[in-house]
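Convention: sequence-line order gives letters A, B, ...; per-chain numbering from 1.
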Amino acid sequence: MGNMNLSEQEQIRRESLDELRKLGINPYPAAEYKTNVFAQDILDNYSAEKNNYPEVCLAGRIMSRRIMGNASFAELMDSSGRIQIYVRRDDLCPGEDKTMYNIVFKRLLDIGDIIGVKGHIFVTQMGEITVHVDEFTVLCKSIRPLPVVKEKDGVLFDAVTDPEMRYRQRYVDLIVNPHVRDVFRKRSQIIQSMRELFNSRGYLEVETPILQPIPGGAAARPFITHHNSLDMSLYLRVANELYLKRLIVGGFEGVYEFAKDFRNEGMDRTHNPEFTVMEIYIAYKDYNWMMTFTEEIVKKASLDLHGKTEVIFGENIINLNPPFKRISMTDAIKENTGIDISGMDEAGLRFVCDKLGVPNTPSMGKGKLIDELFGAKCEHNYIQPTFIIDYPTETSPLTKMHRSKPGVTERFELMINGKEIANAYSELNDPIDQMERFQDQLRLSEKGDDEAMFIDMDFIRALEYGMPPTSGMGIGIDRLTMMLTNQPSIQDVLLFPQMKPESQKSKVESQKEEYLVLGIPEEWIDPLKKLGFTTITKLKEIEKTGKLANDLNGYNKKNKLGISGLSPEAVEKWLK
RNA sequence: CGGUUCGUAGCUCAGCUGGUAGAGCACGUGACUCUUAAUCAUGGGGUCGAGGGUUCGAUCCCCUCCGAGCCGACCA
């Protein structure tokens, strides 16, 4: 008896699994399978004259099959790519016993199965480099049918594009959409490129706490968790900034961390609750130096990835060749709105916001209003890389005051494609100023700003011992990857983007006897279950017996079951 | 959180004014020793996202819920 919950194809594959075992073939062998080549190597380097691949051994997943009488073709996909294989019955089975071809290869293997093959290379009449298989080994039987994607002349047929399937079952996405694997290889290359640069400068890669007693370093709603033995709340970090600066206090010249941060905010095309940021802090530097360094980081990443500094993003071509434009926030607002806000007080700024239709609330102070203005009217216009510099003091509580301009701080954000990619400061190292800024944040919080920062007294204590002048920078790895791989959604650069859980269907079913007891004829039990009445409880809930009789008769007719018809009265008796 | 579109076979999708669903691929069986979106013949496969309402009858109309996408709000 097959399992009711399995599809026909799944049942057939499980039967194949059993048959393999009966033939003495372990469908999930334990032993190492030694390969000596990847598919792409062969395709790139094979030469018929040199016969440079006399004996190959490779392993991969069967992606397509073209079965003929006594010889077949299939495609094998390994981590490098796909290669065609050719299996001929009399080569595979030189003796009398043709089981391995006739039964195992033709009948028991399926698309999705993983096998290893040994053989030699030849070129078909159609000119395709192909592995002529002398021997194959079953390495893993797949019992769930894989979506079949076909391709001709570069055009895909039946490609899996449903985002829900792609993100929930990323493993399937990675199997059937090779370009997806490529995006994640590039993501890794970007991180590698940055790490190489930092290490070559002698900066130290470190790890700092993810579970923090105070969620400092950024203004964002945190996730809260609980530590049982300490019996205290802990927060998942929203940033690692304050810990990295403690390490600069401790005497390291430069420290960096590729960090997962967590923010309990909304999700959209550029936001995921957990995301990756690279933060770096370097002693004796300022934000001007850091701008140049940031240019170098971005340029190198692009060169390492593409060999050039121009990248295509959507409809735009972005030029990542330094120097990038630098413009102060005030000038940016002037450039985009024609309004010069320099020297304006809170009331003046609020008037400007209202005039331009920028939403604002009474709890917003000067800095916040400027920020809103920039976010609503300017940010999206900076497609080419642009450093926006000199942010208002109020919204930059960890940043040093500007050396000459009053009311602003030495801070920059790098905008590319209208989105923030990086954020950096000349770090505030005056402990008394820092304490006052924290207290300002506390006052904002009391005024109703739920994004204001917490006060971290231990961080103040560290600054009191003295932190050298330092510049720090954080760069959003997800967004940088999006930009460099031309992906419009953050979900496309995260292997496992956050999703709501799938609802689990209950699989409880009533037994046959329970139906019989009610006087339901045996032949009607299956139709009842098929119509959704998998439990007696569900059946008892029905009120219109006429409809049920109608449904059952309809099912009988449709499926040509040949059961004699039911009257509504008979059905009514079951449910009395 | 609001607006909007969507959810049908393993996959990609049709489905008319409401009458219990079709195709291609995939799968089963048979044929075929260079195929490649293999081909030819033939067959099976569906609680039409879940629940409720209207109706003699709902994949279709109405309501609620679940999940997804897009747009907006929020997220400096």
Looking at the side chain of A:Arg269, which of B:C70, B:C11, B:U35 is the nearest nucleotide? B:C70
Separation of B:A76 atom P from A:Gln441 atom CD, nearest Å, is 12 Å
For nucleotides B:C66 and B:G52, find the distance between their C1' atoms and express it as a whole number of Å. 15 Å
Please work out if A:Glu420 contacts a base, only the sugar-phosphate, or nothing of the nucleic acid, heavy-atom cut-off 4.0 Å. nothing
Would you indicate which nucleotide in B:C34, B:G67, B:A76 comes nearest to any side-chain atom of A:Glu413? B:A76
When you compare B:G7 with B:A50, how far apart are their P atoms, in angstrom units rounded to a whole number? 13 Å
Does a nitrogen or oxygen in the side chain of A:Gln491 sit under 4.0 Å from OP1 or OP2 of B:G69? yes
Within the structure shown, what part of the strands sits under 4.0 Å from A:Glu151 by heavy-atom distance: base, sugar-phosphate, or nothing? sugar-phosphate
Nucleotide of B:C34, B:A68, B:A26 approaching A:Val148 most closely (side-chain heavy atoms): B:A26
Just checking A:Phe122: base, sugar-phosphate only, or nothing, at a heavy-atom cut-off of under 4.0 Å? base
Taking atom types as they are modelled, is there a donor-acceptor pair under 3.5 Å from the base of B:C13 to the side chain of A:Asp158? no
Between A:Lys366 and A:Glu394, does at least one N-O distance fall below 4.0 Å, as a salt bridge requires? no
What string of B, S and - do you get for nucleotides 2-9 of chain B 5' to 3' if you count protein non-hydrogen atoms under 4.0 Å? --------
Between B:A37 and B:C70 - P atom distance, rounded Å: 33 Å
Walk me through it: do A:Ile62 and A:Leu76 pass the test side-chain contact (heavy atoms from CB on, under 4.5 Å)? CA-CA 5 Å; A:Ile62 299 171; A:Leu76 207 61; 4.2 Å; yes
According to the Watson-Crick and G-U wobble definitions, with both distances under 3.5 Å, which nucleotide is paired to B:C6? B:G67
Any strand: nucleotide that pairs with B:G24 via Watson-Crick or wobble, under 3.5 Å: B:C11
Measure the distance from CD1 on A:Ile490 to C1' on B:A68 and round it to the nearest whole Å. 18 Å
Which is true for A:Arg144 with a 4.0 Å heavy-atom rule: it touches a base, it touches only sugar-phosphate, or it touches nothing? nothing
Among B:A68, B:U36, B:U35, which nucleotide sits nearest the side chain of A:Met126? B:U36
A:Arg107 side chain near B:U29 phosphate (N/O to OP1/OP2, under 4.0 Å): yes
Testing the 3.5 Å rule here: is there a donor-acceptor pair between the side chains of A:Asp354 and A:Asn360? yes
Picking from B:G69, B:U35, B:A37, the nucleotide nearest the side-chain atoms of A:Phe157 would be B:A37
Quick one: is A:Lys150 getting a side-chain N or O under 4.0 Å of the B:A38 phosphate, OP1 or OP2? yes
When we call it a touch if two heavy atoms are under 4.0 Å apart, what does A:Leu146 touch: a base, just sugar-phosphate, or nothing? nothing
Euclidean distance, atom CZ of residue A:Arg82 to atom C1' of B:A37 [Å, nearest integer]: 12 Å
With side-chain contact (heavy atoms from CB on, under 4.5 Å) as the criterion, how do A:Phe105 and A:Met100 come out once you've worked through the C-alpha distance, each side chain's angles and the decisive distance to 0.1 Å? CA-CA 6 Å; A:Phe105 187 82; A:Met100 277 306 272; over 6 Å; no
Checking B:C32, B:A76, B:A68 against the side chain of A:Ala218 (C-beta onward), the nearest is B:A76
With P as the reference atom in both, quote the distance from B:U4 to B:G44 in angstrom, rounded to an integer. 44 Å
Atom CG of A:Leu398 and atom P of B:A76 are separated, to the nearest Å, by 13 Å
Say you pick atom C1' in B:C62 and the same atom in B:A23; how far apart are they, in whole Å? 31 Å
With no hydrogens and no angle check, is any side-chain donor or acceptor of A:Thr409 less than 3.5 Å from a backbone partner on A:Tyr391? yes
Looking at B:A68, B:G45, B:U36, which one has an atom nearest to any side-chain atom of A:Glu128? B:U36
Would you say A:Asp153's side chain and A:Val155's backbone share a donor-acceptor pair under 3.5 angstrom? no
Kindly point out which of B:U35, B:C27, B:G69 is positioned nearest to the side chain of A:Ile111? B:C27
Member of A:Ile475, A:Asp478, A:Leu480 meeting the side chain to side chain contact (heavy atoms under 4.5 Å, CB included) criterion with A:Thr276: A:Asp478
Interatomic distance, A:Asp113 CG vs B:A26 P [rounded to whole Å]: 16 Å
Need the pair for B:C40. Rule: Watson-Crick or G-U wobble, both distances under 3.5 Å, any strand; none if unpaired. B:G30
Assert: residue with more 5' nearest nucleotide on RNA chain B, out of A:Pro397 and A:Val160, is A:Val160
For the atom pair CZ (A:Arg269) and CG (A:Asp492), what is the distance rounded to the nearest 0.5 Å? 11.0 Å
Watson-Crick or G-U wobble partner for B:U17, using a 3.5 Å limit on both distances? none
Checking N1-N3 plus N6-O4 or O6-N4 for Watson-Crick, or N1-O2 and O6-N3 for wobble, each under 3.5 Å, the partner of B:U55 is none
Output, in order, the C-alpha distance, side-chain angles, deciding distance and verdict of side-chain contact (heavy atoms from CB on, under 4.5 Å) for A:Arg479 and A:Met483. CA-CA 6 Å; A:Arg479 290 183 183 182; A:Met483 196 258 295; over 6 Å; no
Out of B:C27, B:C25, B:U36, which nucleotide sits closest to the side chain of A:Asp110? B:C27
Look at all strands and tell whether A:Asp268 reaches a base, only sugar-phosphate, or nothing, counting heavy atoms closer than 4.0 Å. base
Between A:Glu372 and A:Ser489, who's closer to the 5' end of RNA chain B by nearest nucleotide? A:Ser489
Using atom C1' in both nucleotides, what's the gap between B:U55 and B:G10 to the nearest angstrom? 35 Å
Interatomic distance at P, B:C34 relative to B:A68, whole Å: 49 Å
Count the heavy atoms of every other residue, nucleotide or ligand shown that sit under 6.0 Å from CZ of A:Arg326, and state whether that count exceeds 12. yes
Looking only at side-chain N and O atoms, does A:Arg66 come under 4.0 Å of OP1 or OP2 in B:A38? yes
Just do the side-chain hydrogen bond (donor to acceptor under 3.5 Å, both in side chains) check on A:Thr399 and A:Arg411 with the steps written out, would you? CA-CA 7 Å; A:Thr399 315; A:Arg411 169 180 180 180; 5.3 Å; no
Measure the CZ-CD distance between A:Arg237 and A:Gln212 for me, rounded to the nearest 0.5 Å. 7.0 Å
Please determine, for the side chain of A:Lys368, which listed nucleotide (B:C75, B:U12, B:G67) has the closest atom? B:C75
Provide, to the nearest angstrom, the distance between the CG atom belonging to A:Leu92 and the P atom belonging to B:U33. 16 Å
Does A:Glu75 contact B:U36 through a side-chain donor or acceptor facing the base, at a distance under 3.5 Å? no
By the 4.0 Å heavy-atom rule, please label A:Asp90 as base, sugar-phosphate, or nothing. base
Determine the Euclidean distance between corresponding C1' atoms of B:U17 and B:G72; express it in Å to zero decimal places. 37 Å
